[in-house]
Structures are given as structure tokens and as C-alpha cells.
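Since the structure comes first, as C-alpha cells, the remarks are kept for the end.
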Protein chains: 2
Amino acid sequence: MSNEPAAEPRWLSDEEQYAWQCYLHATTLLEDHLDRQLQRDAGMPHVYYGLLVQLSRAPRRRMRMTELAQNAKITRSRLSHAIARLEKNGWVVREDCPSDKRGQNAYLTDEGMRVLEKAAPGHVAAVRAAIFDRLSPEQIGHLAEICRAMADGLQPKGADLPWLR
Amino acid sequence: MSNEPAAEPRWLSDEEQYAWQCYLHATTLLEDHLDRQLQRDAGMPHVYYGLLVQLSRAPRRRMRMTELAQNAKITRSRLSHAIARLEKNGWVVREDCPSDKRGQNAYLTDEGMRVLEKAAPGHVAAVRAAIFDRLSPEQIGHLAEICRAMADGLQPKGADLPWLR
DNA sequence: CAGCCATTGTTAAACCTTCAAGAACTTACC
DNA sequence: GGTAAGTTCTTGAAGGTTTAACAATGGCTG
């Protein structure tokens with residue numbers, strides 16, 4: 001199916017092309033906007049912030065690296081670099097996992113927690129201003145539904161990234 | 001409004017939180033997926049591909065740097081680096097702009113055009129598989145509407161980036 | 001036309017991401 | 001229990017992005 005030269009590619013209809021255009025614009029602008037907002041107000045990019053959020057919600061503010069990577073939808077390699085940086089900031093520390101000697105836990109430090117709590121209101125405000133204050137409740141429902149369908153189609157099964165690709 | 005400590009941040013409702021989660025997952029997974037797809041099949045990241053597409057649609061396959069950056073929603077700096085790389089590949093060349101001595105045009109070469117035409121079918125197929133084959137026509141309409149509303153709120157007015165932020 | 005401010009595009013440095021490879025450990029199986 | 005295969009996490013290098021600063025030019029205002 002992906003080996004044949006694909007005799008006649010099914011191009012996008014006008015509606016589809018328009019939707020795709022809008023999607024690309026919105027997602028690029030939003031991601032850039034949030035990255036800058038967080039870089040300015042909290043000294044880290046959006047993805048890193050997301051990692052702290054995950055950790056803050058985890059049982060004892062700790063989580064196995066792989067699980068964290070899965071939740072955040074990033075590769076283990078990327079996470080490894082990210083945690084290294086967050087560790088330098090003193091916001092996270094690594095600990096050996098008791099039950100599996102290969103494993104590492106990332107632990108959100110008190111200082112990391114403070115940074116997160118300080119950044120959260122501004123971030124939520126930014127997200128709200130960019131999305132939820134601009135959409136009707138029905139649209140929010142539709143968005144969730146649409147994104148869920150998309151994410152479903154992109155989830156697991158792949159080479160080094162059991163979940164990505 | 002952004003100066004006051006924000007007495008009581010309006011957190012996200014459960015529905016909003018769910019939608020935001022879905023959105024983040026879908027957009028991260030999709031962007032990663034397309035980046036890999038294009039890197040593998042065309043030797044460039046998704047953004048670079050988008051630049052070639054823009055150029056291919058422009059009048060004489062050329063466009064002013066700033067205009068290209070605006071259309072692609074990226075900074076001039078990022079574009080500058082990107083075009084430098086594409087130029088190394090021989091897919092784009094820079095030309096002085098006749099009417100404004102500060103200006104540069106990016107021109108899509110014949111080779112660049114070939115690369116684009118070769119990559120297009122696979123890319124469209126990937127986009128289709130990830131989105132349009134998974135959504136109903138109504139959902140596609142909703143998506144466009146939602147993204148348009150989001151993009152509208154994020155458009156222009158800013159410091160070094162007259163359009164971004 | 002002189003002065004001043006805005007715009008255009010680039011650059012260097014710091015940072016982030018990807019990719020491929022590898023070290024350490026676990027599991028399954030004989 | 002020993003070996004092969006799989007899992008977990010890290011690393012270094014290559015490449016992409018951001019930020020701030022800059023040179024060159026344009027355009028406005030008096």
C-alpha cells in the first residue's frame with residue numbers, strides 16, 4: 001500500500017485544503033505563542049512545562065522516565081535531555097528505581113513545584129485567551145472529539161518508539 | 001490586565017482540560033509524524049516542505065523573504081536559516097529584489113520543484129490518513145472554523161515580529 | 001535634503017531536538 | 001543458570017530554532 005508508486009494521489013478538496021491551512025496556522029501560532037510566554041515567564045519551553053505538570057500530578061511527584069515520555073508523547077531521548085536540563089535548574093532530580101535497576105524516576109523538587117505554581121496562572125490565562133475564551137462550549141466538545149480521533153490514529157507501534165509512530 | 005498578580009486564576013473546567021489534553025496529544029503526535037515522514041521521504045522537515053509549497057504557488061515561483069515568513073507564520077530569522085539550508089540543497093536560490101535594495105527573493109529552482117512534486121503524493125497521503133480520512137465532513141468544517149477562530153486571536157502586532165505575537 | 005525612525009534580512013551564540021549507537025539490566029527459553 | 005532477545009535510559013553529533021544585535025536601505029518630516 002505504501003510500496004506502490006501510488007497511481008493517482010487523492011489530493012485535498014477545497015474544503016480540506018482550507019481546513020488544513022487553518023489548522024497549520026492555528027497550531028503553529030499557538031505553539032510559538034505558548035513557547036514564548038513560558039520562556040519569558042518561567043524560563044522554559046512549553047514541553048518542559050508539560051513535564052513538570054505531569055510530575056506534579058503523579059503519586060509522589062515522581063514518575064518513571066518511560067512513562068513520562070509516553071504521557072508527554074515525546075521520545076525517551078528527548079526526555080533524557082530535557083530532564084538533564086531541568087535537573088540543572090534544580091527543578092527535578094533523578095533517582096534510581098528500586099524495583100528495576102535499569103529504571104530512573106524523575107522527581108519534582110520543592111523548588112520545581114514552586115516554579116510551576118508560579119507559572120501556572122499565567123499559562124492558564126494564555127491558553128484560555130488563545131482557545132477557550134474564543135470557542136463556544138459546543139466547539140470545545142467538537143475540538144476534543146476531533147483531536148481524540150486524530151490522536152487515536154497516530155498512537156503506538158513503531159521501532160525505537162513503541163508509542164510514537 | 002497582565003500587570004496585576006491575577007487575584008484568582010480561572011482554571012480550566014473538566015471539559016476544557018480534557019479538550020486541551022486531546023489537542024496537545026493530537027498536535028504533537030501529528031507534527032512528529034509528518035516531520036518524520038518528510039524527513040524520510042524528502043529529506044526535510046515539515047516546515048521546510050511548507051516553504052517549498054508556498055514558493056511553488058507564488059507568481060514566478062519567487063517570493064520576498066518577509067512575505068514568505070508571514071505566510072508560513074515563522075520569524076524572518078528562522079526563514080533565513082531555512083532558506084540557507086534549502087539553497088545548499090539547490091532547491092531554492094536567493095536573488096536581489098529589483099525594487100528594494102534591502103530585499104531578497106527566494107526562488108524555487110527546477111530541481112526544488114521536482115523534489116516537491118516527488119514528495120507531494122506521499123505527504124498528502126499522510127495528511128489524509130491522519131486527519132481527513134478519520135473525520136466526517138461536518139467535523140472538517142468544525143475544525144476549520146475552530147482553527148480560524150484561534151488563529152484570528154493570535155495573529156499580528158508584536159515587537160520584532162510584526163505578525164507573530 | 002537632512003535627520004530620524006522603521007523595515008529588511010542576516011548572523012552568532014545558546015539552546016533544543018533528532019538520530020544512531022551503546023551500556024546496563026531484565027526476561028524468556030531451553 | 002546461561003544465552004539470546006528485549007527493555008530502559010543515556011550519549012554525542014548533526015541539524016534546527018530562538019534571541020538579540022547589527023548593517024543596509026527606505027521613507028517620513030520638517
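Every chain is numbered from 1 and lettered A, B, ... according to where its sequence line falls, protein lines coming before strand lines.
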In the structure I gave you, are the side-chain heavy atoms of B:Val124 and A:Pro9 within less than 4.5 Å of one another anywhere?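 B:Val124 vs A:Pro9: side chains apart.
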Do B:Pro137 and A:Glu15 touch side chain to side chain, with heavy atoms closer than 4.5 Å?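 Counting from C-beta outward, B:Pro137 and A:Glu15 never come under 4.5 Å.
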Just the rounded figure in Å: distance from [atom2] of [N] to [atom1] of [X].
{"X": "A:Leu79", "N": "D:dC9", "atom1": "CG", "atom2": "P", "result": "9 Å"}
{"X": "A:Leu38", "N": "C:dC15", "atom1": "CG", "atom2": "C1'", "result": "16 Å"}
{"X": "A:Glu95", "N": "D:dC9", "atom1": "CD", "atom2": "C1'", "result": "15 Å"}
{"X": "A:Asp32", "N": "D:dT18", "atom1": "CG", "atom2": "C1'", "result": "10 Å"}
{"X": "A:Lys101", "N": "D:dT10", "atom1": "NZ", "atom2": "P", "result": "18 Å"}
{"X": "A:Arg85", "N": "D:dT11", "atom1": "CZ", "atom2": "C1'", "result": "19 Å"}
{"X": "A:Arg102", "N": "D:dA5", "atom1": "CZ", "atom2": "C1'", "result": "12 Å"}
{"X": "A:Asp96", "N": "C:dA24", "atom1": "CG", "atom2": "P", "result": "14 Å"}

Which atom of B:Ala72 lies closest to which atom of B:Leu51, heavy atoms considered: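 Minimum heavy-atom separation between B:Ala72 and B:Leu51: CB-CD2, 3.8 Å.
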Tell me whether the side-chain N/O atoms of [X] come closer than 4.0 Å to OP1 or OP2 in [N].
{"X": "B:Arg76", "N": "C:dT10", "value": "no"}
{"X": "B:Arg94", "N": "C:dG9", "value": "no"}
{"X": "B:Arg78", "N": "D:dT17", "value": "yes"}
{"X": "A:Arg36", "N": "D:dT19", "value": "yes"}

Would the distance check show the side chain of A:Thr28 and the main-chain N or O of B:Lys73 forming a donor-acceptor pair, the cut-off being under 3.5 Å?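 Checked: no pair found.
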Treating A:Asn105 as the side-chain partner and A:Glu95 as the backbone partner, does any N or O pair qualify as donor plus acceptor under 3.5 Å?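 No, A:Asn105 side chain to A:Glu95 backbone: no donor-acceptor pair under 3.5 Å.
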Common cluster, B:Trp91/B:Val93, ILVMFWY with side-chain heavy-atom separation under 4.5 Å: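 As far as the 4.5 Å side-chain criterion goes, B:Val93 and B:Trp91 are not connected within one cluster.
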Shared hydrophobic cluster, B:Leu68 / B:Val53 (ILVMFWY, side-chain heavy atoms < 4.5 Å):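 Cluster IDs for B:Leu68 and B:Val53 match.
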For DNA chain C, what residues of residues 58-65 of chain A have any heavy atom nearer than 4.0 Å?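 Those residues whose heavy atoms fall under 4.0 Å from DNA chain C, taken from residues 58-65 of chain A, amount to none.
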With a 4.0 Å heavy-atom cut-off, tell me which residues in residues 42-56 of chain B come close to DNA chain C, sorted by residue number.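 Output list: empty, so none.
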Return whichever of A:Ser99 or B:Asp100 has its heavy-atom-nearest nucleotide of DNA chain C closer to the 5' end.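 Closer to the 5' end of DNA chain C: B:Asp100.
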Overall bend - the helix from C:dC1-D:dG30 to C:dC30-D:dG1, comparing terminal axes fitted on five pairs, nearest 10 degrees: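 Nearest ten degrees gives 30° for this helix.
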Tell me if the side-chain of [X] makes a donor-acceptor pair with the base of [N], cut-off 3.5 Å, by modelled atom types.
{"X": "B:His81", "N": "C:dG9", "result": "no"}
{"X": "A:Ser77", "N": "C:dC19", "result": "yes"}
{"X": "A:Thr75", "N": "C:dT17", "result": "no"}

Are the charged groups of B:Asp110 and B:Arg114 less than 4.0 angstrom apart, N to O?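 Result for this pair is no, no salt bridge flagged.
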Below 30° counts as parallel, above 60° as perpendicular, anything between as tilted: where do the rings of B:Tyr23 and B:Trp20 land?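 Parallel: the ring planes of B:Tyr23 and B:Trp20 meet at under 30°.
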May I ask you to decide if the ring planes of A:Tyr49 and A:His123 are parallel, tilted or perpendicular, using 30° and 60° as cut-offs?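 Aromatic pair A:Tyr49/A:His123 classed tilted.
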Verify side-chain hydrogen bond (donor to acceptor under 3.5 Å, both in side chains) between A:Ser136 and A:Glu138, making sure each step is shown before the conclusion. CA-CA 5 Å; A:Ser136 70; A:Glu138 299 80 47; 3.2 Å; yes
So what does A:Asp35 touch, heavy atoms closer than 4.0 Å: a base, only the sugar-phosphate, or nothing?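 It contacts nothing in the nucleic acid.
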Under the salt bridge (Lys or Arg N to Asp or Glu O under 4.0 Å) criterion, do B:Asp133 and A:Arg10 qualify, and how do the steps go? CA-CA 11 Å; B:Asp133 284 352; A:Arg10 291 167 51 221; 3.6 Å; yes
